[in-house]
Amino acid sequence: MDKLQQLENLLNQLGSCLVAYSGGVDSAFLALVAHRTLGDQSLAVMADSPSLPRSEFKDAIALSEQFGFPLKIIQTKEFENEEYLSNPNNRCYFCKHALFEETETLAMERGVAAVLYGEIADDIGDFRPGAQAAKEFQVRAPMKEVGLTKSEIRVYSGEMGLPTASKPQMACLSSRIPYGEKVTVKKLSQIEEAEALLRKLGFHDIRVRHHELSQGALARIEIGSAELDQVVQPALRETLTQSIKSLGYLYVTLDLMGYQRGSLNSARQTSSAQPFS
């Protein structure tokens with residue numbers, strides 16, 4: 001029995017579920033499999049939050065419409081929580097806690113057997129404070145339970161026709177702010193606009209890290225290694241610099257290490273002086 005069949009069997013055993021959905025690779029796959037397995041006994045639930053880029057929000061809705069799985073949009077309250085806004089290194093705990101607080105209520109109202117989220121086998125051993133919130137609310141991670149990896153999910157997604165099969169990984173916008181620097185809606189808006197500019201210029205694997213200095217804000221751009229040569233072309237570099245400065249950044253820098261997933265967590269373990277993601 002392959003892992004997709006194992007996942008379907010697990011879902012059938014549950015009988016009904018809510019799926020925490022963001023439109024990313026993992027949650028989109030889980031939402032579609034749950035819908036195909038359980039029909040109207042499965043519901044995708046997405047939090048509308050300032051930390052979710054508007055482009056991602058719209059794409060996630062469009063995806064649910066394209067593949068016909070029902071979607072409910074909810075409002076979460078992490079931006080009313082100073083523990084979240086202060087941006088500690090377990091910030092994700094407070095975000096997931098706010099999400100699961102809402103989904104628990106919704107599941108009880110609808111008589112749903114379980115709330116599910118998109119943690120996968122690859123996440124084992126990574127620093128994931130959100131997993132603690134999932135444990136507290138008894139939220140299950142069925143893809144992790146059956147051992148599904150990111151590469152396998154991409155293959156299955158491609159076979160199902162999901163456009164997310166080749167989608168870059170996308171963490172929330174708050175992850176662009178170093179731990180200990182306050183999360184604000186204004187910062188997230190600046191980050192979102194800066195990353196949109198980079199995508200409009202044709203870049204694929206990107207992050208714009210927002211650093212507060214005494215003189216003003218600095219945008220530290222991470223670009224995938226395959227695209228680093230392109231970004232330093234004089235004309236493009238000038239266009240990019242001026243465009244990002246127009247968003248309110250005093251300095252625009254390029255990280256010569258390129259884009260590195262999870263670098264915040266690596267820095268957390270090795271140096272408290274440079275807590276960057």
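Heavy atoms only: backbone and side chains are in, while hydrogens, waters and symmetry mates are out.
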Lys135, NZ: over 12 other non-hydrogen atoms inside 6.0 angstrom: no
same_hphob_cluster(Leu198, Val232) at 4.5 Å side-chain heavy-atom cutoff: yes
Backbone N/O of Phe94 and side chain of Glu78: donor-acceptor pair under 3.5 Å: no
Check ion pair Lys3-Glu8 (N to O, under 4.0 angstrom): no
All pairs passing ring-ring contact (aromatic ring centres under 6.0 Å, His included) where residues 148-176 contributes a residue, at least two apart: none
Close side-chain approach of Leu11 to Leu116, heavy-atom, < 4.5 Å: yes
Val208 reachable from Leu247 in the ILVMFWY side-chain graph, under 4.5 Å edges: yes
Salt-bridge criterion met for Arg54 and Asp48 (N-O under 4.0 Å): yes
is_close_aromatic(Phe67, His35), centroid dist under 6.0 Å: no
Side chain to side chain, Ile221 and Val252, heavy atoms closer than 4.5 Å: yes
4.5 Å side-chain heavy-atom contact, Ile74 and Leu99: yes
Smallest separation among heavy atoms of Glu212 and Ala217, with atom names: OE2-CB, 3.9 Å
Side-chain ion pair, Glu195 and Arg207, N-O less than 4.0 Å: no
Short side-chain to backbone donor-acceptor contact, Asn90 and Tyr93, under 3.5 Å: no
Arg140 side chain reached by Leu10 side chain, heavy atoms, under 4.5 Å: yes
Trace of the side-chain hydrogen bond (donor to acceptor under 3.5 Å, both in side chains) decision for Tyr84 with Ser174: CA-CA 10 Å; Tyr84 174 86; Ser174 296; 2.7 Å; yes
Common cluster, Leu240/Tyr249, ILVMFWY with side-chain heavy-atom separation under 4.5 Å: yes
Side chain to side chain, Val25 and Met170, heavy atoms closer than 4.5 Å: no
Atom CD of Gln215 with >12 non-hydrogen neighbours under 6.0 angstrom: yes
Straight-line distance of Arg220 CZ to His210 NE2, nearest 0.5 Å: 12.5 Å
Between CD on residue Glu104 and CD on residue Glu136, distance to nearest 0.5 Å: 11.0 Å
Minimum heavy-atom distance between Asn81 and Glu83, given as atom pair plus value: OD1-N, 2.9 Å
Co-membership, hydrophobic cluster, residues Leu32 and Leu148, 4.5 Å side-chain: yes
Nearest-0.5 Å distance, CG of residue Leu18 to CD of residue Glu109: 10.0 Å
Donor-acceptor under 3.5 Å (Ser64 side chain, Pro70 main chain): no
CA sep, side-chain torsions, deciding dist, call: Lys182, Glu82, salt bridge (charged side-chain N to carboxylate O under 4.0 Å, His left out): CA-CA 9 Å; Lys182 191 175 180 67; Glu82 187 56 40; 2.8 Å; yes
Separation of Glu193 CD from Ser243 OG (nearest 0.5 Å): 11.0 Å
Heavy-atom donor-acceptor pair, Gln233 side chain to Asp229 backbone, under 3.5 Å: yes
Rounded distance [0.5 Å steps], CG in Leu218 versus OH in Tyr251: 8.5 Å
Check: Asn87 side chain, Glu181 main-chain N or O, donor-acceptor pair, under 3.5 Å: yes
Distance-minimising heavy-atom pair for Leu201 and Gln230: O-NE2, 4.0 Å
Working for side chain to side chain contact (heavy atoms under 4.5 Å, CB included), residues Phe203 and Leu197: CA-CA 9 Å; Phe203 295 101; Leu197 282 170; over 6 Å; no
Donor-acceptor pair, side chain of Ser42 and main chain of Gly39, under 3.5 angstrom: no
Main-chain N/O of Lys144 paired to Glu119 side chain as donor or acceptor, under 3.5 Å: no
His97 ring center within less than 6.0 Å of Phe137 ring center: yes
Shortest non-hydrogen separation from Pro50 to Leu173 and the atoms involved: O-CD1, 3.8 Å
Ring centre gap for Phe100 and Tyr117 strictly below 6.0 Å: yes
Test log, rule side chain to side chain contact (heavy atoms under 4.5 Å, CB included), inputs Ile177 and Leu188: CA-CA 9 Å; Ile177 302 172; Leu188 300 185; 3.9 Å; yes
Test item: Phe79 and Leu85 side chains (from C-beta on) under 4.5 Å apart, heavy atoms: yes
Side chain Thr37, main chain Val33, donor-acceptor under 3.5 Å: yes
Nearest-0.5 Å distance, CD1 of residue Ile191 to CZ of residue Arg176: 7.5 Å
Residue pair Leu14 / Ala113: nearest heavy atoms and the distance that separates them: O-CB, 3.4 Å
Min side-chain heavy-atom separation Leu254-Leu228 under 4.5 Å: yes
Main-chain N/O of Lys150 paired with Asp122 side-chain donor or acceptor, under 3.5 Å: yes
Close aromatic pair by centroid cut-off 6.0 Å: Tyr21 and Phe69: yes
Worked check of side chain to side chain contact (heavy atoms under 4.5 Å, CB included) between Met46 and Ser27: CA-CA 10 Å; Met46 179 168 62; Ser27 70; over 6 Å; no
Heavy-atom donor-acceptor pair, Gln132 side chain to Pro129 backbone, under 3.5 Å: no
Shared hydrophobic cluster for Leu7 and Val155 (ILVMFWY, side-chain gaps under 4.5 Å): no
Salt-bridge criterion met for Glu152 and Arg154 (N-O under 4.0 Å): no
Working for side chain to side chain contact (heavy atoms under 4.5 Å, CB included), residues Ile153 and Met143: CA-CA 9 Å; Ile153 290 167; Met143 296 187 295; 3.8 Å; yes
Closest non-hydrogen atom pair between Gly111 and Ser16, with its separation: O-OG, 4.2 Å
Side-chain heavy-atom pair Val115, Cys17 within 4.5 angstrom cut-off: no
No-hydrogen, no-angle side-chain donor-acceptor test under 3.5 Å, Ser22 and Glu56: no
